[in-house]
Amino acid sequence: MAKPGFSRWLVPPAAMAVHLCIGEVYGFSVFNEPLTRVLGIAHSLRGQDWTIPEVGWIYSIALMMLGLSAALFGKWVDRRGPRCAMLASAACFCGGLLLGSLGVHFHQLWLLYLGYGVIGGIGLGLGYIAPVSTLMKWFPDRPGLATGLAIMGFGGGALVGAPLGQELMVRFRGATSTGVGEAFVVMAALYAVFMGFGAVSVRVPAADWKPDGWQPPATDAPSSKPLAVGVDRAWRTPQFWLLWAVLALNVTAGIGILGQAPLMVQDMFGVNATVGAGFAGLLSIFNMGGRFAWSSTSDRTGRKAIYCLYFLLGASLYFLLPWTQHTGNQKLFVAVAAVIISMYGGGFATIPAYLRDVFGTHQVGAIHGRLITAWSFAALVGPQLVNYLSTARKTAGIPKAEAYNPTLYLMGCLLLAGCVCNLLVRPVDARHRLAAEGVPT
Amino acid sequence: MRRLRIAVAWLLVGAPLAWGVARTIEKSLPLFRGAGPSSPAAGTNTPGALPPGR
């Protein structure tokens, strides 16, 4: 609990410290190739070293566990508070890295699955939702800005984690090691310090705390009960599932570009792989920046309006992308894709504040945790959809430059469907709200 | 003192993030220097790029 005089501006960096670390999972791909030559060092030993599909499961398990743990432990996180959850997250995530390092040392893939995948994945889920409800309690006047800052950190995790991992592997690489195991140990130590800083810095506000001069907006709901819906009630409401669809559709559509960014720009404009990689990196920056910029803007426009903008403008820009290729305007293509991805990131960062608007702050962390299953769903379905469509077109002999057009149009249509779901979101019925003693009526 | 604490806290998270952003921008500059011809640069990593679905 914060003492009087504690500045709420110390809470966002605490949240960012945790999210910047766990967001490293996005940059895990830099370890994939070195993990396939742990025995051969210079080259992968066929039949003895791990393969890329085998190694790829580490990341998939971690992401699956992120969604599962966020959904399962959301209530526990709300009950125990952010510090305890952040420490648990640090213990799991850093412990997972250390166990993964042992897996590399002894060349036991199951240790990597268990360490980085399962245990580290639980750390991801706990850390992702830990600061969200606390931030919204500290910033009832700017919830979008507050959650945008934290979730921006998650988006930025790869921007730090990927080059850090590469630097460390170069430093530790030798005749008998690819440097991956050593890099895991150093990263675990660094992240433990960083996440510990976040856990120590975070505070929860007093129950009656509010920013100076701020008054809660008058509610227009025909109920005398405060806006507080428990997680077990919330997920049975249509509002929850509409917001689930909003997030799932927004994420699936974002994958239309993110998933194939390097290859797409190579096929559409004939550039080389280095330029393709640069394009993907640039999109990552816009993904991160959009999380803060758009989510902050939602405090002024309202959540429903900003999602309408994401969906309508996003769909229009998706329909525009094939035209930019047709005209050969690569810079315009990059600019349009960057705006689309910024709104994709914005969708992630704005959803906690939207949940708060609909269900109140009572168990918003737990509700957010369950909503994250939409992300897991989209992460499984989206890439398959995009890969299938573009591959089928290329196989059918359609020029590479035009192979992505149906995918892009489909993504635009998905965004329009998301817009419909968003427009259907209404205030929660008063019977779902908790009475003063916390019992649904 | 309070302001100093806030500044230090933001610097702690801002510095590594700025480093990562600078590294990524540096690698994305070829995108604006004019497109090179397509070449099979297999195995090229995409540091900083998000994998599908994130």
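Protein chains get the first letters and strands the later ones, always in sequence-line order, with residue 1 at the start of each.
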Of the backbone (N, CA, C, O) and the side chain (C-beta and beyond), which part of [X] lies under 4.5 Å from a heavy atom of chain B, both, or neither?
X        : answer
A/Glu167 : side chain
A/Val334 : side chain
A/Phe154 : neither
A/Ile341 : neither
A/Phe28  : neither

Got a second to check how far [X]'s [atom1] is from [Y]'s [atom2], nearest 0.5 Å?
X        : Y        : atom1 : atom2 : result
B/Ile25  : A/Leu159 : CD1   : CG    : 9.5 Å
B/Leu17  : A/Met152 : CG    : CE    : 5.5 Å
A/Leu282 : B/Lys27  : CG    : NZ    : 14.0 Å

Item to complete: Please answer whether the main-chain N or O of A/Gly5 pairs with a side-chain N or O of B/Arg2 as donor and acceptor at a distance below 3.5 Å.
Response: yes
What are the two closest heavy atoms between [X] and [Y], and how far apart are they?
X       : Y        : value
B/Leu31 : A/Phe279 : CD2-CA, 3.7 Å
A/Leu20 : B/Val13  : CD1-O, 3.5 Å
B/Ala9  : A/Leu10  : CB-CD2, 3.9 Å

Worksheet entry | Contact origin within B/Trp10 toward chain A - heavy atom pairs under 4.5 Å |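 Its backbone and side chain both get close to chain A.
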Worksheet item: What part of B/Arg5 lies closer than 4.5 angstrom to a heavy atom of chain A: side chain, backbone, both or neither?
Response: both
Discussion item. Please identify, among A/Ser7, A/Ala14, A/Gly345, A/Gly156, the residue contributing the most non-hydrogen atom pairs under 4.5 Å to chain B.
Written reply: A/Ser7
